[in-house]
Number of protein chains: 2
Amino acid sequence: MSEVAATGISVLLVDDHPIVRQGYRRVLESQGDLHVVAEADNAADAYGAFKTHDPDVVVMDISMPGASGLEAIRNIRARNPRARILVFTMHNEAVLVKAAFSAGASGFVTKSSAPSAVVNAIRSVARGERAMSDDIAHVLAEDSLSTGSALDQLGEREIEILRQFAGGATTEEIATHLNLSVKTVQNYHYLIKTKTGTRTDAQLVRLAAACGLTKI
Amino acid sequence: MSEVAATGISVLLVDDHPIVRQGYRRVLESQGDLHVVAEADNAADAYGAFKTHDPDVVVMDISMPGASGLEAIRNIRARNPRARILVFTMHNEAVLVKAAFSAGASGFVTKSSAPSAVVNAIRSVARGERAMSDDIAHVLAEDSLSTGSALDQLGEREIEILRQFAGGATTEEIATHLNLSVKTVQNYHYLIKTKTGTRTDAQLVRLAAACGLTKI
DNA sequence: GCGCGGCTCGGGCAAATTTCCCAAGCCGGA
DNA sequence: TCCGGCTTGGGAAATTTGCCCGAGCCGCGC
């Protein structure tokens, strides 16, 4: 997998939409140096295909049904820490980006990017570099100026409150469950949002779901 | 636009992701009889491109930022009632399908469909037939048998606002996107919650996700 | 031992949002 | 034509949020 220059770059495509995969395949293979050696439409198959084909780069949409794409990244990296994974998705939330990188992704490119940016990102991660699209860099820059870190920064209590909140409980219900004052739960709610850099309850729910804290 | 057999089928591609469009273009043009004559990444441009190129079929993802894709369908059909519009999206919620058809779409195909099903759907709508992918037919069938899902009671505007909200947008952002007052969006928010019987924003997000209105 | 920093718990208070009720315009169907 | 539903918003009370603060507890290093 290291002789990139001589053999071109082998790519594993992971996306849950068949025609999207086929479209990417054609775009990538028209480049000459990029070769799609396998496709997968879910996290489990992605892991299997990675074991079989050992591609230079995995291009993966992390918003797939079933298991979390982040989990797939973790699995692949656990098997081969040298694996290069380029996340390619329509989401551009800072928490997701950070979660992807900390899960072991080498790059993060949004589908809003120009096709040339995507293929360049693939080449970059194949060379072992980190890559991200301009909009993602912007999101992360904004985020680093305003907020702290993602879900790992949360304490036990905060995790528990976030779980119940994302599960649909009201502030009062959480307070009752945990024998806290409503005020305390409200403060935790606020603290969790600032810590995770989410501005909306909906984003918080999505984050919790993306991190496997709650299932939808 | 009627001499389809002699000249092939001209297609206008509407999707907000550049590389997705480029992928579709390659898939469609490899078919021989399909020719992509224009692309657009938003509703307004789609309408302009339709006026300019008068394509046989418009292949459109209705989940675009800004104006509703349903609105774009209506605009195009208002200009030319013989326009053939094939909705091509990842959403498979019955309310969305029904809304698209009542807005004037000729077909509805999900991105989960096999590429062959997509190109066949394009040929079908070009012949003036109605087309939908198997999963959409299944969803509609289920829907017609059920007592009504939670989202069935929602109007088009409510669906759009719910989608954006569940996607993480704030009330003000939604108001800006849709050119409404914040107050109106707030009222919709409240109305949606009462109609769906949810008491929490988190429950609303989960409902939207469960119905395929948004993905996590 | 002692301070430092972290988590946990909550008060306070202005600002913002939500909740609920209401009205008006528009449009399609009976 | 009238009724009902959708869409758009105003108004006012109720609630929550945003951000500040202090207190108790516990581990950790000096």
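Just so we're on the same page: letters track the sequence lines, and every chain starts at 1.
Judged by distance alone with a 3.5 Å cut-off, no donor-acceptor contact links the side chain of A:Asn187 to the base of C:dC9. On a pure distance criterion of 3.5 Å, a polar donor-acceptor pair joins the side chain of B:Lys183 and the base of C:dT19.
Regarding B:Tyr188, its OH atom lies at a distance of 14 Å from the P atom of D:dG10, rounded to whole Å. Atom CD1 of B:Ile192 is separated from atom C1' of D:dT8 by 14 Å (rounded to the nearest Å). Between the P atom of C:dT17 and the CZ atom of B:Phe165 lies a distance of 13 Å, rounded to the nearest Å. Note: CZ (A:Arg199) to C1' (D:dG18) measures 15 Å, nearest angstrom. What separates CD of A:Glu173 from P of D:dT16 is a distance of 12 Å, to the nearest Å. Rounding to whole angstrom units, OH of residue B:Tyr190 and C1' of D:dT15 are separated by 14 Å. We find that CG of B:Asp201 is positioned 9 Å from C1' of C:dT18, with the value rounded to whole Å. At whole-Å resolution of the value, CD in A:Glu172 and C1' in D:dT17 are 14 Å apart.
A distance-only check finds no donor-acceptor pair linking the side chain of B:Asp61 to the backbone of B:Thr89 [under 3.5 Å]. Side chain of A:Arg84 to main chain of A:Ile122: no donor-acceptor pair is present (N/O by atom type, distance under 3.5 Å, no hydrogens or angles). With A:Ser181 contributing its side chain and A:Lys183 its backbone, the two residues share a donor-acceptor pair below 3.5 Å.
Heavy atoms of B:Thr171 sit under 4.0 angstrom from primed sugar atoms or phosphate atoms, though from no base atom. Contacts of B:Thr184 with the nucleic acid, taken as non-hydrogen atoms under 4.0 Å apart, include base atoms.
A:His189 has no side-chain polar atom (N or O) that falls below the 4.0 Å cut-off from OP1 or OP2 of D:dT16. OP1 or OP2 of C:dT18 has at least one side-chain nitrogen or oxygen of B:Gln186 nearer than 4.0 Å. In this model, the phosphate group of C:dT18 is not approached by any side-chain N or O of B:Lys193 to a distance below 4.0 Å at OP1 or OP2. Residue A:Ser181 places no side-chain N or O under 4.0 Å from the OP1 or OP2 atom of C:dC9.
Taking the side chain as every heavy atom from C-beta outward, A:Asp16 and A:Asn42 never approach each other to under 4.5 Å.
Under the 6.0 Å distance and 45° angle rule, B:Arg130 counts as a cation-pi partner of B:Phe101.
When each of D:dT17, D:dT7, C:dG10 is scored by its nearest atom to the side-chain atoms of A:Leu180, the top-ranked nucleotide is C:dG10.
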